[in-house]
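Keep in mind that this is a model prediction, so the values were computed, not measured. Note on naming: letters A, B, ... go to the chains in the order of the sequence lines (proteins, then strands), and numbering restarts at 1 for each one.
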Amino acid sequence: METTPWDPEGAAALLDAEGRLVDGATLGSLDARAYYKQLVEARSLDLRLGRLGLPMWAPAAGEEAPLVAMARIADEAEWIFGGGRDAAIALARGMTPQELVFRVSGREGRDRPGHVSSTALKIGAGTDALAMHLAIAAGYAHGEDKGRAVFASCGEGSSTTAAFTETLALAASCTLPMVIVVRSQLWPNGAPAEAGVLGDSVADRARSCGLWARRVDGADPVAVHNTIASAAQRARQGRGPGVVDVVVTPQLHDPPAHRDPIERLRRFLDSRGEWSSTFEDVVEADIRSQLDNAVTALETASQSGGAS
Amino acid sequence: METTPWDPEGAAALLDAEGRLVDGATLGSLDARAYYKQLVEARSLDLRLGRLGLPMWAPAAGEEAPLVAMARIADEAEWIFGGGRDAAIALARGMTPQELVFRVSGREGRDRPGHVSSTALKIGAGTDALAMHLAIAAGYAHGEDKGRAVFASCGEGSSTTAAFTETLALAASCTLPMVIVVRSQLWPNGAPAEAGVLGDSVADRARSCGLWARRVDGADPVAVHNTIASAAQRARQGRGPGVVDVVVTPQLHDPPAHRDPIERLRRFLDSRGEWSSTFEDVVEADIRSQLDNAVTALETASQSGGAS
Amino acid sequence: MTVLEDLAARLADLLRDDDRRVLLGEDVADGGMLGLSKDVVADEALRERALSTPLTPTVLAAHAAGLAMAGRHPIVVLPGVEALLEGLAGLRDAAAWSWRSDDGVSTPLCFIAPCGPGLGLGGAATEAVEAVLARVSGLNVLCAGQAEEAGAWLRAAVEHAASEGPTVLLLPRTLLLSAPRGPLAHDLGRSAAASHRVRDGGRVTVFAWGAALDVALDAVTQTGVDAAVVDVGCLAPLDLSTLQAEARATGRLVIVHAGPRAGGVGAELSAHFADAAILHLDAPVLRVTGADAPVRPSDEGDAIPTVARVAEAITRSASY
Amino acid sequence: MTVLEDLAARLADLLRDDDRRVLLGEDVADGGMLGLSKDVVADEALRERALSTPLTPTVLAAHAAGLAMAGRHPIVVLPGVEALLEGLAGLRDAAAWSWRSDDGVSTPLCFIAPCGPGLGLGGAATEAVEAVLARVSGLNVLCAGQAEEAGAWLRAAVEHAASEGPTVLLLPRTLLLSAPRGPLAHDLGRSAAASHRVRDGGRVTVFAWGAALDVALDAVTQTGVDAAVVDVGCLAPLDLSTLQAEARATGRLVIVHAGPRAGGVGAELSAHFADAAILHLDAPVLRVTGADAPVRPSDEGDAIPTVARVAEAITRSASY
Ligand SMILES: Cc1ncc(C[n+]2csc(CCOP(=O)(O)OP(=O)(O)O)c2C)c(N)n1
Ligand SMILES: Cc1ncc(C[n+]2csc(CCOP(=O)(O)OP(=O)(O)O)c2C)c(N)n1
Ligand SMILES: [Mg+2]
Ligand SMILES: [Mg+2]
């Protein structure tokens, strides 16, 4: 396995670049094929939404694993507070493509375009103030019934803000049942100041506050899933908060193929004979037609004017 | 040397409990006797001010070493931004006891009672918002001429606030020539939530942001001085910011004698034949009479009414 | 019993009455800076609902909003209303949360906020932070004006938050530290949202609240003018219909409040009448407020208008 | 040349003219969210004065104040004025610093703040954050009202900060994204602190600023009423003496601004006249503002009053 500037340091993986399980690693109870399907759907969603021309749209391609994994791991009664690039959470939690498209475009609901919340699905969207949803999630965790975890996510840029660091302090000091998932974008050509890259990793910083913290490679959906699942388990057992720092590789920058989490999981499934191009084609065709229909419905509604 | 719950873990010291230099340690260029005199003066100041009945007065007894050390190390052109319990900085920087008493009581200047600022002496006082002076200090450091350090200080409770953590992010990411001195109070019977005790130490947290950080025992004035001096040297040489986490022992709680920084330095001087009770008496009598005169002047001014 | 002791007892009662209620604050587990949570902490059965936090001023309000979403009824004991300025961004998100989730999440969230001069620290105590809070969409702002009603306001505010959403109760420090003028009330006896005439009069109408209410009452007595005094009480949303009827009844309006004049809640009140009632008013709408420029901490009392200045305004208004 | 391109060029000029000036912001070294710093970054000689920071919204303003104390003249390029709400506590300390240090430290600190609707994101863009800022003691608040003057305001604001202390320049996004109505001005040709009559008229006086100024001008045209339109321009401190003369000249006043009505800068203006000039006014002081309730992001345009509503108010005022 050759290493490139694209390969993050100190980030754990269970699948190597070729999609093979590393020595001693197991899937656990993960249904890799079902997970794969959701990842493919998330990618299709992102590409379709990216064509809507939403204001300040931020693409999520390459960052799907932590989003879909949270949705798979959180049980129905548990809240997930997304924080940007997070439409895939709603899809994976079962929001219909039509409701999703209407909400994400701002046609339905009152969220900022690009954001989706739903009390029914227990999804909290971004706040006006950057990363303030983390503090709301902390409060929710503080008031949550025993045995449940609260999930919250943000990007690495947010990790220098008060909303992030004060939330870590609350989580540590009040032993909150929270799982904080940070999408740390990989900057192969050096990070700008606003990327908030300080020290070795966000996980390191969380650990120095006394928190359980892990850094995993976001190009490996298996490691992402299983690490978030461990954090959730700890939180539910009352063992306190966890931070999962996921090094994600935006596909926007055209990274090598093994940095694409979907391709990596595809290689894994393929090696086990669980993937076929037909399977892929069916999944893609299905989600795409649902999304096309949803967008058509949105356009019709917009032409007929008025708020829904 | 016996260890008690009063002895902090992982905090470096150059003088042991009996005031002996530990193996291999040296004073460097520190004038221990002059330093001792300033520490005694600082203690007298604190006791005298404590009797003025100022609103929300916070005593500094036991926390003098970092305050006096900053004043000794900063050269005339360098700013010090105090942040509570910091009147000793002004005294050690040369403010007359009378001006100090007038300012700290709110009779002169516009600072909150208990705080002292002076543009002439390059001392910035606390801000309305807790620890916000750290951010002002960071800005000052950002605009400061090359070769100069900026000093700023706060308590450990402040270390969970945005003002502290966002300042660390700025300092790390903009390589600011700052020396941040944290007075981490020792809680032998366990810290309350608001003490902001997270993880092993504030120094650890600063280090995880990529900052040079040291944790020293505030009961050892020599270690405090020399560590702050190292941080200042680095900052002046353009090698970036440093955090000195000083474990201080409030004398309010009646700790064992070796936890008093003044007593510890006294033992050191005594072992070298540089201390005598006459010396001590003269220093104390001198500062006390100056302070008494200053307080008398304050009372006279207050009786005659009107703002000065 | 002092006002602070009464408040501490009432706070414990509130927790006893409804176990969804929790106390949140930096040192509530130690009794709190003003001792407000000491009776809660003293009661074994309540103690675990005193939730202390580290110093996290920026996320304070957002954290409390999360607790409210989770079904708790947090009562946040602040060191002072100034703390909400540090947490303003989160407070705005907290106050918007219920509106924004179109399927109606409720956020029964109450902040107990000492305000104004009293401790000798100046700073924000000399400002009318209330005017900033009153502008936060979705936030209710209440203000106690009489020391003997402080405990009643506490209960009213917590209940108001349960029905109306995020609520700040301002408790002027001068009231907290004063001796009540009458017996302590445990029930406000009116809606927390309503303004309340505390003195009848036919020649001039005086609107006042908070630390300025007693000043206004004393000023009326001093002038001998037949003036009505209305405790505005609810600063957001303003009880405009009642207030308008009060103002029209005399056609002469004097507005009295602590803190600076420019941009205060008094400005909105006055502007309202400059539109809705200008043709019914027989005199300029006068505002008597605290100092409009920054005030040294040792002069923090200047943030409350003096009886003499208020009396002069009342006399002037009466003479038009 | 678009307004944004002009601003980028003017910003580079400002840095060339005085090497104490530095740009501060989250992404100024990359050209900035709206491209405002791109000409600075493109110039080798200026680039090192574009100081990028991590996302540190709480300390942003305090950090800038420290730079100012150290002798720099920071020009802080904000993603939006909303950022100052997150940094409000530090902004208050920054604005108080010069007053508090009794020996006169100066803080030549200027914030460039896009505001209001325009990007389709709603939220704080539908509010009048300006009213919160105008209450910060020691802070100057300026607001551009005409697209062609944006570059001139930029220079005026930076110079204002150098002489008067911390200054926020509000640049309505509708202006930034619009085509200028006339040739671009590089010099304001008047004091930044002064209000400015942009249309003469004898029957009604209209006060407006920011995104509402063009609306007011269009509304006057539509009504055919002989109305004067005044660009208030400086929202803190208000240019009250000139404004009072303008209001008295017609005795009829209509105040037009974006954002909610309650507690806006329009309230202080109206309240001022309800006291100082009530006996000289022949009609109610009308305020026409944006929506007073929260607005969905997709309806963010409702934060700016429509020409029709302003026209109606002008006609109503004229008919008293
Ligand atoms: C104070 C402030 N500055 C800038 C913005 C604009 N902004 C919105 S999201 C965002 C990126 C934050 O980075 P990160 O947390 O890594 O999230 P990502 O979008 O990369 O997933 C920025 C800069 C803002 N909302 N607030
Ligand atoms: C948001 C907020 N909460 C509470 C206070 C009151 N307060 C002032 S100083 C201080 C102690 C801060 O602790 P630390 O930083 O350790 O300073 P110390 O006084 O111990 O030196 C507190 C709680 C405040 N100023 N702001
Ligand atoms: Mg990012
Ligand atoms: Mg402390």
Which pairs would a plain distance check flag for residues 72-89 of chain C, meaning a side-chain donor or acceptor within less than 3.5 Å of a matching protein atom at least two apart in sequence or in another chain?
residue	atom	partner	partner atom	Å
C:R72	NE	A:G143	O	3.1
C:R72	NH2	A:G143	O	2.8
C:E82	OE1	C:R173	NH2	3.3

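Counting heavy atoms from C-beta on, the side chains of C:R100 and A:D111 come closer than 4.5 Å. At a threshold of 4.5 Å between non-hydrogen side-chain atoms, the residues A:L170 and C:P54 count as touching.
Scanning residues 149-164 of chain A against chain C with a 4.5 Å non-hydrogen threshold yields A:A162, A:A163, sorted by number. For residues 67-89 of chain A, a heavy-atom distance under 4.5 Å to chain C picks out A:W79, A:F81, given by residue number. Residues of residues 116-129 of chain A lying under 4.5 angstrom from chain C, judged on non-hydrogen atoms, are A:S118, A:T119, A:A120, A:G124, A:A125, A:G126, A:T127, A:D128, A:A129 in numerical order.
Counting heavy-atom pairs closer than 4.5 Å to chain C, the top-ranked of the candidates A:D145, A:I136, A:L134 is A:I136.
Both the backbone and the side chain of A:A169 come within less than 4.5 Å of a heavy atom of chain C. At a 4.5 Å heavy-atom cutoff, the contact between C:W97 and chain A is made by side-chain atoms alone. Residue contact with chain C, scored on non-hydrogen atoms closer than 4.5 Å, is absent for A:R112.
Screening C:T58, C:L55, C:T53 for a side-chain contact (heavy atoms from CB on, under 4.5 Å) with A:E166, the sole residue that qualifies is C:T58.
In this structure, CG in C:L24 is found 7.0 Å from NE2 in A:H142, a value given to the nearest 0.5 Å.
Side chain of A:R110 to backbone of C:S101: no donor-acceptor contact under 3.5 angstrom is found.
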